[in-house]
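Written below as structure tokens is the structure these notes are about.
All values below were derived from every heavy atom in this structure, side-chain atoms included, with hydrogens, water molecules and symmetry-related copies excluded. In this chain, numbering begins with 1 at the start of the sequence shown.
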Amino acid sequence: NGVVVVADRAYVADGYSGLQVIDISNPSDPQIVGSVDTPDFAYGVDVVGDKAYVADHWNGLQVIDISNPSDLQIVGSADTPGAARVVALAGDKAYVADWAGGLQVIDVSNPANPQIIGSVDTPGDAASVAVAGDKAYVADRAGGLQVIDISNPASPKITGSVNTPGNAA
């Protein structure tokens, strides 16, 4: 459902099988080198340093220590009000597209105890998110693209939008 590549590893959000870590140093022969089952359905993943952050549907955000790929450990989590679909990290904040829960902003400065610090409801279902600078861009299904000012992560605000002809995902 989601993939992030860092150096010679691909981190794959693998639905009901959780997170898979795949050695891609030989692209013609990729090998799974580690996995961890998450509590629900792994939709999205982002990686920063030795942590993977998984959007895990009804179980919100899961923080996974990936420092030893053969022994992955869930070290923290934050339940979200909706269904976590995609996560994007910027600094020590995780931005989660949380379906009916809109955009959730989670402080991950303490990976063992991530905390929701802000949110904004979106008009549709937040299906995906990308962060650039002080803006989050949310693909919001029937709500099109929502542009959200995250300069104050505790109080994100929708500053613009465009209706798309289909369902933005």
Minimum side-chain heavy-atom gap L61-V54 below 4.5 Å = no

task = Report the residues that fulfil salt bridge (charged side-chain N to carboxylate O under 4.0 Å, His left out) with R9, sequence neighbours left out, ordered by chain and then residue number.
result = D23

message = Let me confirm one number: the OG-CG distance from S119 to L103, rounded to the nearest 0.5 Å.
response = 8.0 Å

ask   = Judged by atom type as modelled, is there a donor-acceptor pair below 3.5 Å linking the side chain of D8 to the main-chain atoms of I24?
value = no

message = Counting C-beta onward and ignoring hydrogens, is there a side-chain heavy-atom pair between Q73 and N68 closer than 4.5 Å?
response = no

task = Compare all side-chain heavy atoms of V63 with those of S77 and state whether any distance is below 4.5 angstrom.
result = no

query = Would you say N1's side chain and A42's backbone share a donor-acceptor pair under 3.5 angstrom?
reply = yes

request  = Give the intermediate values and the outcome of side chain to side chain contact (heavy atoms under 4.5 Å, CB included) for residues V96 and I106.
outcome  = CA-CA 8 Å; V96 176; I106 302 174; 3.9 Å; yes

ask   = Rounded to the nearest 0.5 Å, how far apart are CD1 of I117 and OG of S155?
value = 10.5 Å

request  = Check the side chains of T159 and K157 for a donor-acceptor pair under 3.5 angstrom, ignoring hydrogens and angles.
outcome  = no

ask   = CD/Q104 to CG/D98 distance, rounded to the nearest 0.5 angstrom?
value = 5.0 Å

key: Inter-residue atom distance S67.OG - D50.CG, 0.5 Å rounding   = 5.0 Å

message = Looking at T38, is its backbone amide N or carbonyl O close enough to the side chain of D56 to form a donor-acceptor pair, meaning the two atoms are under 3.5 Å apart?
response = no

key: R141 backbone acceptor or donor facing D125 side chain under 3.5 Å   = no

note = Sorted by chain and residue number, the ring-ring contact (aromatic ring centres under 6.0 Å, His included) partners of F41 (sequence neighbours excluded) come out as Y16, Y43

ask   = Which residue pairs pass the ring pair (Phe, Tyr, Trp, His ring centres under 6.0 Å) test when at least one of the two sits in residues 58-100, sequence neighbours left out?
value = none

key: Heavy-atom pair with the smallest gap, counting every atom of V129 and A97   = CG1-N, 3.9 Å

task = Please answer: with hydrophobic residues joined when any side-chain heavy atoms are less than 4.5 Å apart, are V105 and I116 in the same cluster?
result = no

ask   = Which of these, D14, I64, V12, V47, sits in a side chain to side chain contact (heavy atoms under 4.5 Å, CB included) with L19?
value = I64

